[in-house]
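These notes are about the structure you will find just below.
By convention here, the first residue in the shown sequence is residue 1. Given the structure is predicted, the values throughout are model-derived calculations rather than measurements.
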Amino acid sequence: MSKYSDMHRYDLIVVGCGGWGLAVLKTLRDLDFDVLGLERGEICHNLRTYMPGMRVHSPLSYIVLDPDDPLLKEKGDEYHSTIEELIQSYVDFASKNEVPLKTHSELRDIDGLRDDFVLTVSERERQTQYRTRLVVLATGSYDTPNLLGIPGEQDPAVQHFFGEWRHIRDQRLLFIGGGFSSADGIVALCASNEVLWVTTKPHPEIAKILHDQQTKWGQPDAKVVNTEILCDSRVLSVANRRAQIQTPDGERQWLFDQCFMLLGHRPDESLLQRILGDDRSHDETTFESRSRPGLYLVGALAKKHLEHIGLNDNLCPGNEGVRHIEKVIDAIKTQLNHPS
């Protein structure tokens, strides 16, 4: 690919334009810093890989960025949006606030030091380099699926992301995993298919997940039918569309048409290795990388379960995400105003 260098030096470049990245960009742009966001796909790329039509588990007030968001005003603080509604909210937020960003710009590497980083970025059919004083990584953790290390888990019949589902009918479906992704997928598909759910979790934990779907996740009509649940169990193989399962009562086998192995995901390890090496730690007060001063980690890269964003305490009182954003912004302001 051809190379093109943008010799302009930004104050800050944010890599990843999901909720966290947009929040940082908007806040620093409002402080008159020269910022740019880079997104490898469209805005909220990771969210676009979620199950279509799913209800977001956090109430809208915890994840929306704009206190004047039209959906928030129409539906109220406790509304659970669909994934498509949330993405549209973020897209509208970026447009309304004229957040400076470039989509289809995928980070390849970062060279240089604090106050003079050089980012190499793939942009469609060319390679571009950007200079910046500071960098924020907000790339999330939905790149690489976790695996079990068992035969067959890379077969075409085994899916590690839950994509389009409405066409799936009259099939035998195997779900592996004990999280909300499995629960959401099973509720969506069980009425029209035969389902086996295998999880290492005990029955009380699975019962709580299903209860929370109806009471906390905005899905009061969620029902599990045509489904057998094997708790305290593990899958030994999924080769040749035949599941070999170790249960408390012994081994059993189950033939399936499709398997959804939904065991969670992790960030792009090869990218993080190039940028941070083996040290992924960060200062808990500033969220600055310990191995790469001048580079800040936000959102899932800093705290895996810190999902609640919130740009101000009025929108979401007591929200830990507000404190996270404030710490990052304060540290960046200090660095930009008083460079080393």
Side-chain angles (χ1 to χ4, degrees), residues 1 3-25 28 33-41 43-46 49 100-124 126-146 264-306 324-325 327-329 331-332 334-336 339-340:
M1 294 189 297
K3 287 189 176 181
Y4 167 81
S5 295
D6 184 342
M7 298 308 294
H8 174 77
R9 187 176 72 160
Y10 294 90
D11 290 324
L12 178 83
I13 288 180
V14 176
V15 182
C17 295
W20 281 107
L22 292 175
V24 173
L25 279 168
L28 286 169
F33 290 115
D34 188 4
V35 298
L36 176 68
L38 300 175
E39 170 55 59
R40 63 175 171 166
I43 290 174
C44 297
H45 173 82
N46 285 350
T49 64
L101 59 87
K102 292 187 176 183
T103 58
H104 302 281
S105 300
E106 184 171 2
L107 177 67
R108 294 300 185 185
D109 207 352
I110 299 178
D111 294 316
L113 303 171
R114 178 169 55 194
D115 291 327
D116 195 19
F117 287 113
V118 177
L119 279 62
T120 300
V121 179
S122 292
E123 296 182 334
R124 302 188 188 275
R126 72 179 185 182
Q127 191 164 287
T128 306
Q129 292 183 323
Y130 294 93
R131 294 181 63 202
T132 181
R133 295 174 61 186
L134 303 177
V135 178
V136 166
L137 278 187
T139 54
S141 62
Y142 210 63
D143 293 277
T144 307
N146 295 321
H265 303 83
R266 58 187 184 276
D268 184 339
E269 295 294 335
S270 61
L271 176 64
L272 293 184
Q273 182 66 34
R274 293 196 298 274
I275 296 172
L276 299 174
D278 294 326
D279 186 358
R280 313 289 172 80
S281 64
H282 59 277
D283 188 315
E284 292 291 338
T285 60
T286 64
F287 295 95
E288 185 175 14
S289 166
R290 297 187 189 279
S291 64
R292 203 78 184 266
L295 189 151
Y296 296 81
L297 307 178
V298 303
L301 293 184
K303 292 190 175 182
K304 176 66 177 71
H305 298 291
L306 186 56
H324 184 159
I325 283 288
K327 288 180 179 180
V328 173
I329 298 303
I332 290 173
T334 299
Q335 182 60 40
L336 291 176
S340 59

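Atom CD of Q335 and atom CG of D11 lie 11.0 Å apart (nearest 0.5 Å). S141 contributes atom OG, which lies 12.0 Å from atom CG of D268 (distance to the nearest 0.5 angstrom). Note that the OG1 atom of T139 and the CG atom of L297 stand 8.5 Å from one another [nearest 0.5 Å]. In this structure, the separation between CD1 on I332 and OH on Y296 is 6.0 Å, given to the nearest 0.5 Å. With rounding to the nearest 0.5 angstrom, the CG atom of D115 is 5.5 Å from the CZ atom of R133. Residue D143 holds its CG atom at 8.0 Å from CG of L271, rounded to the nearest 0.5 Å.
A search for side chain to side chain donor-acceptor pair (under 3.5 Å) contacts involving T132 returns nothing, not counting sequence neighbours. Shown here are the side chain to side chain donor-acceptor pair (under 3.5 Å) partners of D34, two or more places apart in sequence or in another chain: H8.
The nearest pair of heavy atoms linking G21 to V14 is CA-CG1, 3.7 Å. A pairwise comparison of heavy atoms in F117 and V135 identifies CD1-CG2, 3.7 Å as the closest pair. When all heavy atoms are compared, the tightest approach of G140 to P267 is O-CB, 3.7 Å. The two residues K327 and T285 make their nearest non-hydrogen contact at CB-O, 3.4 Å. In terms of heavy atoms, L25 sits closest to C17 at CD1-SG, 4.0 Å. Residue G19 comes nearest to C44 through the heavy atom pair N-SG, 4.5 Å, listed as atom of the first residue, atom of the second, then distance.
Side-chain contact check for E106 versus H45: every heavy-atom pair is 4.5 Å or farther apart. Within the 4.5 Å cutoff, side-chain heavy atoms of L12 are placed close to those of V24.
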Apply the test side-chain contact (heavy atoms from CB on, under 4.5 Å) to residues I110 and R292: give CA-CA distance (whole Å), side-chain angles for both, the deciding distance (0.1 Å), then the verdict. CA-CA 10 Å; I110 299 178; R292 203 78 184 266; 3.8 Å; yes
side-chain contact (heavy atoms from CB on, under 4.5 Å) between L101 and L22: does it pass, once the steps are laid out? CA-CA 9 Å; L101 59 87; L22 292 175; 3.9 Å; yes
Test side-chain contact (heavy atoms from CB on, under 4.5 Å) on L107 and L137 and set out the steps. CA-CA 10 Å; L107 177 67; L137 278 187; 4.2 Å; yes
Can L36 and Y130 be said to form a side-chain contact (heavy atoms from CB on, under 4.5 Å), step by step? CA-CA 10 Å; L36 176 68; Y130 294 93; 3.9 Å; yes
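The number of heavy atoms from other shown groups lying within 6.0 Å of CG (D279) is above 12.
A donor-acceptor contact shorter than 3.5 Å is absent between the side chain of R40 and the backbone of V15. Judged by distance alone, the side chain of S105 and the main-chain N or O of T103 form a donor-acceptor pair under 3.5 Å. Using a distance-only test at 3.5 Å, with no hydrogens or angles considered, no donor-acceptor pair links the side chain of R124 to the main chain of H104.
Ring pair H265/Y142 is tilted by interplanar angle, where 30° to 60° counts as tilted.
Looking at R108 and S122, their side chains do bring a donor and an acceptor atom within 3.5 Å of each other.
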